[in-house]
Colleague: 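Have a look at this one.
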Amino acid sequence: MNNEQNIEVYQLLHNISSFMIELYDGQILPKNHPNYYDGLIDIKLINKSNKNYGHIIIGKEKYQIKDETVKSIQTYIESNINKLINLSLNQKAEAEEYTSGGGLILNIKYKSILISIDEQYTICMNEKEQLEFYNFKNDIINTIKNILQSNK
């Protein structure tokens, strides 16, 4: 990362009005593997100074980034911010000794909050916490898919 990119990341993180969501869910496979795109979700959206950029890929389909899409996703995140914070806090550092077999990686920057959730950490959660995590994982993915379909 060069100095200009570092400055942009710094400004994004410290600008209270900026929003970012990075969501990746998929298998760990080489890109040329025939099943690489099965279940792939690769979303990186950034809203900074009322300008949206990034990418949205679900399976083999690439979506245009529309203002309505980013606004709808941001509204969804805002309405679930407490749940996201709790899921993030329920992650256990003991899971770092296990290797990850893929799964959800979710990073959200909302106002002055930075949330990071990694499916790897669910291995050390109790059954109730795991169920809550997987229900929310499915909910956020399905909500984003629905938002994309309604904003096509």
Side-chain angles (χ1 to χ4, degrees), residues 1 4-28 31 36-93 95-96 100-152:
M1 197 179 279
E4 190 174 305
Q5 290 169 319
N6 286 337
I7 291 169
E8 181 150 345
V9 169
Y10 178 84
Q11 289 172 342
L12 172 68
L13 293 176
H14 294 296
N15 181 329
I16 197 160
S17 64
S18 67
F19 171 76
M20 177 200 72
I21 180 170
E22 289 181 308
L23 189 154
Y24 181 87
D25 193 23
Q27 306 173 67
I28 298 178
K31 238 185 174 167
Y36 176 79
Y37 291 98
D38 294 352
L40 175 68
I41 298 173
D42 184 3
I43 298 170
K44 180 177 184 178
L45 295 175
I46 297 171
N47 177 300
K48 183 177 168 214
S49 304
N50 293 321
K51 293 180 184 167
N52 296 314
Y53 56 97
H55 64 264
I56 302 172
I57 303 168
I58 297 183
K60 291 183 179 180
E61 191 168 353
K62 291 185 180 184
Y63 291 83
Q64 272 190 337
I65 297 171
K66 297 182 177 180
D67 292 343
E68 303 86 35
T69 303
V70 177
K71 187 171 179 74
S72 295
I73 292 172
Q74 188 170 349
T75 300
Y76 173 80
I77 295 300
E78 183 176 336
S79 67
N80 287 282
I81 197 73
N82 289 330
K83 187 180 283 189
L84 288 159
I85 290 169
N86 287 334
L87 284 171
S88 179
L89 292 173
N90 282 341
Q91 298 177 117
K92 312 248 184 315
E96 292 175 353
S100 177
L104 179 84
I105 297 173
L106 175 62
N107 295 306
I108 295 170
K109 192 275 182 193
Y110 173 74
K111 295 191 178 185
S112 60
I113 300 170
L114 185 59
I115 298 170
S116 183
I117 298 171
D118 188 330
E119 190 167 348
Q120 165 185 326
Y121 291 96
T122 62
I123 198 164
C124 292
M125 289 179 177
N126 65 44
E127 193 173 316
K128 181 181 176 219
E129 292 170 332
Q130 284 181 346
L131 181 61
E132 182 181 340
F133 172 84
Y134 287 107
N135 286 340
F136 188 70
K137 172 185 171 177
N138 291 331
D139 186 48
I140 193 170
I141 289 170
N142 290 331
T143 299
I144 289 173
K145 285 179 179 180
N146 290 338
I147 290 168
L148 291 169
Q149 289 303 315
S150 67
N151 289 327
K152 259 191 167 178

Colleague: To the nearest 0.5 Å, what is the distance between CD1 (Ile105) and CD1 (Ile117)?
Modeller: 12.0 Å
Colleague: Find the distance between OH (Tyr37) and CG (Asp42) and round it off to the nearest 0.5 Å.
Modeller: 10.0 Å
Colleague: Going by the rule side chain to side chain donor-acceptor pair (under 3.5 Å), which residues pair with Thr69 if we only count those two or more places apart in sequence or in a different chain?
Modeller: Asn151
Colleague: Applying side chain to side chain donor-acceptor pair (under 3.5 Å), name anything that partners Gln64, two or more places apart in sequence or on another chain.
Modeller: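 Gln64 satisfies side chain to side chain donor-acceptor pair (under 3.5 Å) with no residue once adjacent residues are dropped.
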Colleague: Would you give me the side-chain donor-acceptor pairs under 3.5 Å for residues 81-88, sequence neighbours excluded?
Modeller:
{"from": "Asn86", "atom 1": "ND2", "to": "Asn82", "atom 2": "O", "distance (Å)": "3.3"}
{"from": "Ser88", "atom 1": "OG", "to": "Ser116", "atom 2": "O", "distance (Å)": "3.3"}

Colleague: If a pair satisfies side chain to side chain donor-acceptor pair (under 3.5 Å) and one of its residues is in residues 132-144, list it, with sequence neighbours excluded.
Modeller: Asp25-Lys137, Tyr76-Asp139, Glu119-Tyr134, Glu119-Lys137, Thr122-Tyr134
Colleague: Asn52 and side chain to side chain contact (heavy atoms under 4.5 Å, CB included): which partner among Ile46, Asp67, Leu45?
Modeller: Asp67
Colleague: Test your reading of the model: is there a side-chain donor-acceptor pair from Lys145 to the backbone of Ile147, 3.5 Å cut-off?
Modeller: no
Colleague: For Glu61, which residues count as a salt bridge (Lys or Arg N to Asp or Glu O under 4.0 Å) partner, sequence neighbours excluded?
Modeller: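 Counting only residues at least two positions away or on another chain, Glu61 forms a salt bridge (Lys or Arg N to Asp or Glu O under 4.0 Å) with Lys152.
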Colleague: Starting at CG of Leu23, measure out to CD1 of Ile141 and round the result to the nearest 0.5 Å.
Modeller: 5.5 Å
Colleague: Got a sec, which residues hit side chain to side chain contact (heavy atoms under 4.5 Å, CB included) with Lys51, two or more places apart in sequence or on another chain?
Modeller: none
Colleague: Does Asp38 form a side-chain contact (heavy atoms from CB on, under 4.5 Å) with Gln27? I'd like the steps, not just the answer.
Modeller: CA-CA 8 Å; Asp38 294 352; Gln27 306 173 67; 3.9 Å; yes
Colleague: Under the rule for salt bridge (Lys or Arg N to Asp or Glu O under 4.0 Å), what residues qualify as partners of Glu22, not counting sequence neighbours?
Modeller: Lys44
Colleague: Decide side-chain contact (heavy atoms from CB on, under 4.5 Å) for Leu104 and Phe133; before the verdict, give the C-alpha distance in whole Å, the side-chain angles of both, and the deciding distance to 0.1 Å.
Modeller: CA-CA 10 Å; Leu104 179 84; Phe133 172 84; 3.7 Å; yes
Colleague: To the nearest 0.5 angstrom, please state how far the CZ atom of Phe19 sits from the CD atom of Gln74.
Modeller: 5.0 Å
Colleague: Does Tyr110 have any side chain to side chain donor-acceptor pair (under 3.5 Å) partners at least two apart in sequence or in another chain, and if so, which?
Modeller: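 By the side chain to side chain donor-acceptor pair (under 3.5 Å) rule, Tyr110 matches Glu78.
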Colleague: Walk me through it: do Ile43 and Ile57 pass the test side-chain contact (heavy atoms from CB on, under 4.5 Å)?
Modeller: CA-CA 6 Å; Ile43 298 170; Ile57 303 168; over 6 Å; no
Colleague: Does the pair Phe136 and Asn80 meet the rule for a side-chain contact (heavy atoms from CB on, under 4.5 Å), with working shown?
Modeller: CA-CA 10 Å; Phe136 188 70; Asn80 287 282; 3.8 Å; yes
Colleague: Please name the pair of heavy atoms, one in Ser18 and one in Lys109, separated by the smallest distance, quoted to 0.1 Å.
Modeller: OG-NZ, 3.0 Å
Colleague: If the test is side chain to side chain contact (heavy atoms under 4.5 Å, CB included), which one of Ile56, Ile41, Ile73 qualifies with Ile144?
Modeller: Ile73
Colleague: Nearest 0.5 Å please: distance from the CE atom of Met20 over to the CD1 atom of Ile77.
Modeller: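 These two atoms lie 10.5 Å from each other.
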Colleague: Got a sec, which residues hit salt bridge (Lys or Arg N to Asp or Glu O under 4.0 Å) with Glu129, two or more places apart in sequence or on another chain?
Modeller: Lys92
